[in-house]
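In what follows, every chain begins at residue 1, and chains take the letters A, B, ... in the order their sequences are listed.
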There are 2 protein chains.
Amino acid sequence: MDFIDYLDSRPIYEQIASRYKQLILTGVLSPNEKLPSVRKLAMELSTNPNTVQKAYAMLEREGYLYSVKGRGNFVRENDSLIDQKKDELKGKMKELIKEIQDLGLDPQELFTAALEEAEEDDRD
Amino acid sequence: MDFIDYLDSRPIYEQIASRYKQLILTGVLSPNEKLPSVRKLAMELSTNPNTVQKAYAMLEREGYLYSVKGRGNFVRENDSLIDQKKDELKGKMKELIKEIQDLGLDPQELFTAALEEAEEDDRD
DNA sequence: AAACTGTATTAGAATCTATAGTACAGTATG
DNA sequence: CATACTGTACTATAGATTCTAATACAGTTT
């Protein structure tokens, strides 16, 4: 559970949230599965319960979790979440494409080169 | 010169820097052209000379400018800058591709959809 | 009843951003 | 040479954000 990267400039609660997003979207965590309690996870990560609570609140706001007072936080169904995430990624991609076009470069060419490099990395 | 967007969460010095990066890379500003002095630009943008200075220092560190004490800041040749920026964009694209692949989605499909949307936006 | 859950509130430390004033060094121009 | 312009450096302050910490309260489980 090596969640926190102190070289990462993002705040801890955001690192926790994005890690759980991935675990939920990829199905590593199943719908209705219970997440660690805020206190337990805080212990594990050597951070503060409030920091974990902030991450969980964020995940609840974005539809990744539902929380029941006294019982815990639980994973939501992920079918619609994947569509939601896909839209988010498409939005990011669009912004990147626009930045590329603004400089008079060819998005397709740059994408192809990047994809090749990404697949090279996988083979290593 | 509507540089600063106070709805943009990025710091002012970063907004200034990224605007000038674009002007330099797209050739709107020519090599060896003089940029406004830190004090003059600060007046224009109703901000502080130190904030402009921070942006200029950043641009110098990244190779967009060279600065001469007593004379001013000047645009560098942009041939190598474009290659440098291209690498940077390719890196960003690679990270996005990896994020997409981590979720088991198809990068090419998502890219094509985003490109279409970007071109629709252009037509409006 | 005891031990666990989530949630809310308040306070303080640390960091980042921006502003402000001042000072010094080099250049351009009269 | 004098003045006004340039860049650069330093210190101080204020505000916002992030994180930690302590505490309290509410609900659930056993």
- Task: For the pair B/Lys94 and A/Glu120, evaluate salt bridge (Lys or Arg N to Asp or Glu O under 4.0 Å) and give the outcome as yes or no after the intermediate values.
- Result: CA-CA 11 Å; B/Lys94 227 169 99 179; A/Glu120 271 175 35; over 6 Å; no
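- Between the A/Asn78 side chain and the A/Ile24 main chain, a donor and an acceptor come within less than 3.5 Å of each other.
- Residues satisfying the side chain to side chain contact (heavy atoms under 4.5 Å, CB included) test with B/Asp8, not counting sequence neighbours, are B/Asp5, B/Arg10, B/Gln15.
- Environment of CD in B/Glu88: crowded, with over 12 heavy atoms of neighbouring residues, nucleotides or ligands closer than 6.0 Å.
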Would you tabulate the pairs of protein nitrogen or oxygen atoms and nucleotide nitrogen or oxygen atoms of nucleotides 26-30 of chain D closer than 3.5 angstrom?
| residue | atom | partner | partner atom | Å |
| --- | --- | --- | --- | --- |
| D/dG27 | N2 | A/Gly70 | O | 3.2 |
| D/dT28 | O4' | A/Gly70 | O | 3.4 |
| D/dT29 | OP1 | A/Arg71 | NE | 3.0 |

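- Within the structure, every pair that satisfies the ring-ring contact (aromatic ring centres under 6.0 Å, His included) test and touches residues 72-92 of chain A, not counting sequence neighbours, is listed here: A/Tyr66-A/Phe74.
- Mapping B/Thr47 and A/Glu60 onto DNA chain C via the closest heavy atom, the residue that lands nearer the 5' end is A/Glu60.
- Of all nucleotides in DNA chain C having an atom under 4.0 Å from a heavy atom of chain B, the first and last in 5' to 3' order are C/dT17 to C/dA28.
- Contact between the side-chain N/O atoms of B/Ser37 and the OP1/OP2 oxygens of D/dT6 is found at a separation under 4.0 Å.
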Could you go through nucleotides 14-18 of chain D and list every protein N or O atom that sits under 3.5 Å from one of its N or O atoms, giving the distance for each pair?
none

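- How far OG of B/Ser18 is from CD of A/Glu99: 8.5 Å, rounded to the nearest 0.5 Å.
- Within a 6.0 Å radius of CD in B/Glu33, other residues, nucleotides and ligands contribute more than 12 heavy atoms.
- Nearest-nucleotide assignment on DNA chain D puts the 5′-proximal partner with B/Val38, out of B/Val38 and A/Asn50.
- For A/Lys40, the NZ atom is loosely surrounded, since the number of other residues' heavy atoms within 6.0 Å does not exceed 12.
- Tracing side-chain contacts under 4.5 Å through hydrophobic residues (I, L, V, M, F, W, Y), one never reaches B/Leu59 starting from B/Tyr13; they form parts of separate clusters.
- The distance between atom CD of A/Gln53 and atom P of D/dT20, rounded to the nearest whole Å, is 14 Å.
- In this structure, NZ of B/Lys34 is placed 12 Å from P of D/dC5, rounded to the nearest angstrom.
- A 6.0 Å sphere centred on NZ of B/Lys21 holds more than 12 heavy atoms belonging to other residues, nucleotides or ligands.
- The salt bridge (Lys or Arg N to Asp or Glu O under 4.0 Å) pairs that include a residue from residues 69-78 of chain A number zero, where partners must be two or more places apart or lie in different chains.
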